[in-house]
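When a residue number appears, it is its place in the shown sequence, counting from 1.
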Amino acid sequence: NNIKQKKSEHSLNQVMKIILSIILAALFPSSGEALLGNDEELNKMVEMLDEIREIETSLYEIYSDDKERNKALNTRVENEEMGNLTKTASEFLPIQIPIERAFDVQWNRPGHPTLEISRLENPYFDTETDRNGYYTFEKKSGGVLGFVRKRIDGSVLEIFDKVTFNVISEDVLMFKGYRNGIGDWGTVIKAPSIPEGNTGGNWTTQLIEYVDITAEEWLIENFVTSSAANIAVTKMFVTFCGTMIGFVVTTISYF
């Protein structure tokens, strides 16, 4: 049994080295190809992966042992001005819409098949004379999105507590905003594909419920932050590596 176990561990290390070589060669051609056949360097990387997995397991156990406390620390924030605890920390879409790309508009209902907008002004309820920061959407319960502006100092101005998207094109996305159950204020977001600013115009549009892309996907495609994009790529890479290692472990265990 000990011989069989050692043989399995050796086979696992060999396969992991092959996978690492392929991944490195694909991501970093010049340095990755140099590692092919370099057992010493690959062995070091395999050992590092083992150490990372051990650390990850330890951290997960620590988190699991004190799950409720960690949950409280992650979801509650201190309100310095009021001197007490506020509601659960807000979650926002990972986007930044420049303030010169979102406007309250006069429009032709229903805005389809052609949307015509005019008299573009600041989004309704955004009455500050010295606007700064960027617009984004706050995630609420039940899949509802609210429209907000994040100021440079980190504070948040809520403009609408609920929005409903109605028409979409490659260049514009339109929604109706509500506050305390009252509203229907037409608001248009201009994509980077067209000039910013308060100039009106007309665009061929489609009703949001009849297109293959969701409003959230359109927003992320056009206004995703660089940090969020990097995190997404990293998560994809880690998931791929984890899947490959899991497949190898399962295959070797079978034999």
Polar side-chain atom of D153 near backbone of S155 as donor-acceptor pair, under 3.5 Å: yes
Acceptor/donor pairs from residues 102-111 side chains to any protein atom, 3.5 angstrom cut, sequence neighbours excluded:
| unit_1 | atom_1 | unit_2 | atom_2 | d |
| --- | --- | --- | --- | --- |
| N108 | OD1 | E116 | N | 2.6 |
| N108 | ND2 | T114 | O | 2.9 |
| R109 | NH1 | D184 | OD2 | 3.1 |
| R109 | NH2 | D184 | OD2 | 3.0 |

Full working for side chain to side chain contact (heavy atoms under 4.5 Å, CB included) between Q206 and V167: CA-CA 6 Å; Q206 299 182 65; V167 296; over 6 Å; no
Residue pairs fulfilling salt bridge (Lys or Arg N to Asp or Glu O under 4.0 Å) with at least one residue in residues 124-137, sequence neighbours excluded: E100-R131, D126-R149, E128-R149, E128-R151
What donor-acceptor contacts under 3.5 angstrom involve side-chain atoms of residues 186-201, with partners at least two apart or in another chain?
| unit_1 | atom_1 | unit_2 | atom_2 | d |
| --- | --- | --- | --- | --- |
| T187 | OG1 | W185 | O | 3.4 |
| K190 | NZ | G197 | O | 2.7 |
| K190 | NZ | T199 | O | 2.7 |
| S193 | OG | D171 | OD1 | 2.6 |

D212: partners by side-chain contact (heavy atoms from CB on, under 4.5 Å), with sequence neighbours left out: none
Spacing of K139 atom NZ and S90 atom OG [to the nearest 0.5 Å]: 12.5 Å
Interatomic spacing from OG1 in T204 to CD in E170 - rounded to 0.5 Å: 10.5 Å
Atom of G133, atom of I99 and distance for their closest heavy-atom approach: O-CG2, 3.6 Å
Hydrophobic cluster of Y134, others only, ordered by chain and residue number, side-chain cut-off 4.5 Å: none
By side-chain contact (heavy atoms from CB on, under 4.5 Å) - contacts of T129 (at least two apart): none
ILVMFWY network linking I117 to Y124, side-chain heavy atoms under 4.5 angstrom: no
Contacts of F147 that satisfy ring pair (Phe, Tyr, Trp, His ring centres under 6.0 Å) - sequence neighbours left out: Y135, F137, F175
Pairwise side-chain contact, E138 with E158, heavy-atom cut-off 4.5 Å (strictly under): yes
same_hphob_cluster(L115, W218) at 4.5 Å side-chain heavy-atom cutoff: no
V163 side chain reached by F165 side chain, heavy atoms, under 4.5 Å: yes
Partners passing side-chain contact (heavy atoms from CB on, under 4.5 Å) against E221 (at least two apart in sequence or in another chain): I213
Cluster overlap W203 with F223, hydrophobic side-chain contacts below 4.5 Å: no
Donor-acceptor side-chain pairing of T225 and Q96 below 3.5 angstrom: no
Taking every non-hydrogen atom, the tightest pair across T214 and E217: N-OE1, 2.9 Å
Shortest non-hydrogen contact between L219 and L93, atoms and distance: CD1-CD1, 4.1 Å
Linked hydrophobic residues, V156 as query - side chain contacts closer than 4.5 Å: F92, V148
Connected via hydrophobic side-chain network under 4.5 Å: M174 and V211: no
Whether N132 side chain and I152 backbone form a donor-acceptor pair below 3.5 Å: yes
Check: I168 and T205 side chains under 4.5 Å, non-hydrogen atoms: no
Any residue meeting side-chain contact (heavy atoms from CB on, under 4.5 Å) with T164, in chain and number order, not counting sequence neighbours: K162, K176, Y178
Shared hydrophobic cluster, V172 / Y210 (ILVMFWY, side-chain heavy atoms < 4.5 Å): yes
